[in-house]
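First up is the structure itself, then whatever we jot down about it.
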Amino acid sequence: MSLDGSDSANKPSNFIRHIIDDDLAANKNAGKVHTRFPPEPNGFLHIGHAKSICLNFGVARDYQGLCNLRFDDTNPSKEKQDYIHAIQEDVKWLGFDWEERLFYASDYFEQLYQYALELIDKGLAYVCDLSAEQTREYRGTLKEPGKNSPYRDRSVEENRDLFKRMRASEFVDGSRVLRAKIDMAAPNMNMRDPTLYRIRHGVVHHQTGEEWCIYPMYDFTHPISDALEGITHSLCTLEFADHRPLYDWVLDNISIDCHPQQIEFSRLNLQFTVMSKRKLTELVDEGHVDGWDDPRLPTIAGLRRRGYTAASIVEFCERIGVTKSDNSVEMGMLESAIRDDLNTNAPRRMAVLNPLKVVIENYPEDKVEQLSAANHPQNEAMGSRSVAFSREVYIDRDDFREEANKKFKRLVLGKEVRLRYGYVIRCDEVIKDAQGEIIELRCHYDENTLGKNPEGRKVKGVIHWVSAQYALEAEIRLYDRLFNHPVPDSSKDGVDYHQRLNPDSLQILSRCYIEPALADAAPGERFQFEREGYFCLDSASSDKIVYNRTVTLRDSWEKIEEEMSEG
RNA sequence: UGGGCCGUCGCCAAGCGGUAAGGCAACGGGUUUUGAUCCCGUCAUGCGGAGGUUCGAAUCCUCCCGGCCCAGCCA
């Protein structure tokens, strides 16, 4: 925070912004900044994509530049229109706007084809008849150079003819590809005559239908798409660093007057979850989770349904920063971001998750009081609501013990506790069933304790409650980490990530009681259930009330309890 | 000696030759009708290691150690 009140000190500082600062200082790109977010529509976006979105759109915003949304749709066999809709929803929900700049790599198929012809004409690309397997053999290994394809020296005329016939559907899948003619002995594998085009029959492309049977590869498409859109800084993840020489090669060898700069940053790794599209797709397809928006998934849709706000995700992305180092971010980082947001913005309510009936014997049976409860303890502007109080209420089973030491600041047999926003009560009797399980508490209340402390004694504990008569019944879903290993897909010990799924990642409490003011909550609306955590009204359930727990409150009692049990 | 990239607190991360920011976590203490929030305080003589250059090194040089990525007609 700067003392002069300017907000420049709050802008993120990272190596990419340094590069841009230098470019601007040197008047590169005529002082313009233009980025793009280029997902392949083969799945839902996840928190790792959010990092890229915040980076690309954030940089554009802070440098008065532009950021495009572009679907990198060059492999129709993996892509779906459904994903295109979902991705746009997620980017918008995060708060970013590509305005009129929505593009598809497939928009450029014809231009790409013409550039391929140009490479052929320059003797820099050739049609190769090697099978996929042969191509692999010819490529060599990491330490040994490859060898030239026998088709490498075909004439320009023959290459033109063959490539046009590839497009004209004359050849079957896998029979031929178009390759760049670079260097089969290059130490960088990507430069060993990479494939530029492959043949794909029998797939309907979600944008171009059956117009094409040849599809350009990423390495050929990406630099050209960037250049055609006037991108200045092409930001991507680290695994593409080895592709940069090829990115540059393509642009250096075709007639195009724009040459974006590719800059790589490290992808986000979040502990106790997986982030690869392949694994997320498997979790969904194999039914380990309930769809792409399952609240346990690190997808944007999952986090949204879980109750995460867009602001908290953006804040999280700012906190983790952008570097080139490998990282393994703790879940606590994400949780802290959403707690910060919800602590200041979520109205408070009371809900009892594991109900235990309490009968207040000295409270008249037909009496009902509407007690006033502030919606937020630190923000009066959020107003208040009334909470019905009656002779029978529910409290949480965890808030009662027959005997306990003084560290237990809740209800104990023979002792007092305050009902939040209400009276102090004393427990006089415990009713048990035949199995010895507690089924009901008999209590007395002190009518002089509403809004004031009792006279002559201190009551430290405060517990939440709901009126048995006026409470609403609800289902509450508690989520835990999806995996029980910090790096579920670690290849270190040869264990498959499926074996590290946490069997207790979802706990459903079907008979919870929530306060009557929650009757008119809207789907997706978020609340703090006092002393329990932050919850969000599920957006996909209609026949019953379902709340998802977004995150718990910080809990120092848990630690005290552990220490006591350890002795 | 295949090529590329990276090592700053338990996690994330500033730092760009002038003497180790910040956040998360943790640990003390205060306020509190949420064991929440909030507030105050503690938390790297040390920057993967060893040498060297320099008045001065996390920053420059050398060597070493460790980690990640690359052999799709995926992106």
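Below, read A as the first sequence line, B as the second, and so on, with proteins coming before strands; counting in each chain starts at 1.
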Practice task
Decide whether a cation-pi geometry holds between R176(A) and F171(A); the criteria are a distance under 6.0 Å from NZ or CZ to the six-membered ring centre and an angle within 45° of the ring axis.
Solution key: yes

Problem - Under 4.0 Å protein heavy-atom contacts per nucleotide of nucleotides 69-75 of chain B, with B for base, S for backbone only and - for none - result: BBBSBBB

Problem - E563(A) CD - rA26(B) P separation (whole Å) - result: 12 Å

Practice task
State which residues pass salt bridge (Lys or Arg N to Asp or Glu O under 4.0 Å) with K279(A); sequence neighbours excluded, sorted by chain then number.
Solution key: D489(A)

Exercise for the section: Look through every strand shown and name the nucleotide pairing with rG2(B) as Watson-Crick or G-U wobble, where both distances are under 3.5 Å. Expected result: rC70(B)

Exercise for the section: Return the set of residues passing ring-ring contact (aromatic ring centres under 6.0 Å, His included) with Y423(A) (not counting sequence neighbours), or none when no residue passes. Expected result: F389(A), Y445(A)

Problem - Between P of rC12(B) and NZ of K51(A), the distance in whole Å - result: 11 Å

Practice task
Using atom types as modelled and distance alone, determine if a side-chain donor or acceptor of H205(A) lies under 3.5 Å from a backbone N or O of N75(A).
Solution key: no

Problem - Side-chain N or O of R244(A) closer than 4.0 Å to phosphate OP1/OP2 of rG4(B) - result: no

Problem - Mate of rC63(B) where both pairing distances stay under 3.5 Å, Watson-Crick or G-U - result: rG49(B)

Practice task
Establish, from distance only, whether the side-chain atoms of S52(A) and R267(A) form a donor-acceptor pair under 3.5 Å.
Solution key: no

Atom pairs under 3.5 Å, N or O on each side, protein against nucleotides 29-33 of chain B: can you list them with distances?
residue : atom : partner : partner atom : Å
rU33(B) : O2'  : R420(A) : NH2          : 2.5
rU33(B) : O2   : Y421(A) : N            : 3.1
rU33(B) : O4   : R418(A) : NH1          : 3.1
rU33(B) : O4   : G451(A) : N            : 2.9

Exercise for the section: Establish, yes or no, whether a centroid distance under 6.0 Å links the rings of F109(A) and Y215(A). Expected result: yes

Exercise for the section: Enter syn or anti for the glycosidic conformation of rG72(B), syn applying to angles within 90° of 0. Expected result: syn

Practice task
Searching all strands shown, indicate the nucleotide that pairs with rG17(B) (Watson-Crick or G-U wobble; both distances under 3.5 Å).
Solution key: none

Handout entry: Polar contact flag, side-chain donor to acceptor under 3.5 angstrom, R526(A)-T309(A)
Key = no

Problem - Spacing of D555(A) atom CG relative to rG35(B) atom P, expressed in whole Å - result: 9 Å

Problem - Nearest-Å distance once atom P is located in both rA50(B) and rG18(B) - result: 23 Å

Completion exercise
Taking for S266(A) and for S556(A) the nucleotide of RNA chain B with the nearest heavy atom, the one nearer the 5' end belongs to S266(A)

Handout entry: Distance, rounded to the nearest Å, where R410(A) contributes CZ and rA36(B) contributes P
Key = 11 Å

Handout entry: Whichever of R339(A) and K407(A) has its nearest RNA chain B nucleotide further upstream toward 5'
Key = R339(A)

Practice task
Answer with base, sugar-phosphate or nothing: what part of the nucleic acid does I560(A) contact at a heavy-atom distance below 4.0 Å?
Solution key: base

Exercise for the section: Select base, sugar-phosphate, or nothing to describe what F220(A) touches, counting heavy atoms under 4.0 Å on all strands. Expected result: nothing

Practice task
To the nearest Å, give me how far apart CG (L246(A)) and C1' (rG4(B)) are.
Solution key: 14 Å

Problem - Pairwise C1' distance, rG67(B) and rC24(B) [rounded to whole Å] - result: 23 Å

Practice task
Using heavy atoms and a sub-4.0 Å distance, could you list which residues of residues 319-334 of chain A are near RNA chain B? By number, please.
Solution key: R319(A), I320(A), V322(A), T323(A), K324(A), S325(A), D326(A), N327(A), S328(A), V329(A), E330(A), G332(A), M333(A)

Exercise for the section: Rounded to whole angstrom, note down the P distance from rC70(B) over to rG28(B). Expected result: 45 Å

Practice task
Establish, with yes or no, whether the OP1 or OP2 oxygen of rU37(B) is under 4.0 angstrom from a side-chain nitrogen or oxygen of R554(A).
Solution key: yes

Fill in the blank from the handout: side chain to side chain contact (heavy atoms under 4.5 Å, CB included) test vs I182(A) passes for just one of N188(A), D193(A), N190(A), namely D193(A)

Problem - Partner nucleotide of rU42(B) by Watson-Crick or wobble geometry (both distances under 3.5 Å) - result: rA26(B)

Handout entry: Aromatic ring proximity F240(A)/Y247(A), centre distance under 6.0 Å
Key = no

Problem - Identified pairing partner of rU54(B), criterion: Watson-Crick or G-U wobble below 3.5 Å - result: none

Handout entry: Pairwise P distance for rG15(B) and rC60(B), with rounding to whole Å
Key = 13 Å

Handout entry: Whole-angstrom distance between rC68(B) and rG30(B), as gauged at atom C1'
Key = 46 Å

Exercise for the section: Look only at the side chain of R418(A) and the backbone of G422(A), and say whether a donor-acceptor pair between them is shorter than 3.5 Å. Expected result: yes

Problem - Sugar-phosphate, base or nothing in reach of Q528(A), heavy atoms under 4.0 Å - result: base

Exercise for the section: Could you check which of rU37(B), rU34(B), rC27(B) has an atom nearest any side-chain atom of N343(A)? Expected result: rU37(B)

Handout entry: Inter-nucleotide P distance (rC11(B), rG2(B)), Å rounded
Key = 31 Å

Problem - Nucleotide rU34(B), atom P - distance to CE of M382(A) in whole Å - result: 17 Å

Problem - Spacing between W249(A) atom CH2 and rG4(B) atom P, to the nearest angstrom - result: 20 Å

Problem - Contacts of type ring-ring contact (aromatic ring centres under 6.0 Å, His included), residue H222(A), not counting sequence neighbours - result: Y218(A)

Exercise for the section: Answer yes or no: is there a donor N or O on one side and an acceptor on the other, between the side chain of R70(A) and the main chain of P38(A), under 3.5 Å? Expected result: no

Practice task
Could you point out which residue of F529(A), Y513(A), Y534(A), F535(A) forms a ring-ring contact (aromatic ring centres under 6.0 Å, His included) with Y547(A)?
Solution key: F529(A)

Handout entry: rG4(B) to rU62(B) separation - P atoms, rounded to the nearest Å
Key = 15 Å

Practice task
Please find out if less than 6.0 Å separates the ring center of F272(A) from that of F483(A).
Solution key: no

Fill in the blank from the handout: From CZ of F316(A) across to P of rG22(B) the rounded distance in Å is 21 Å

Problem - C1' atoms of rG66(B) and rG29(B), separation to the nearest Å - result: 41 Å

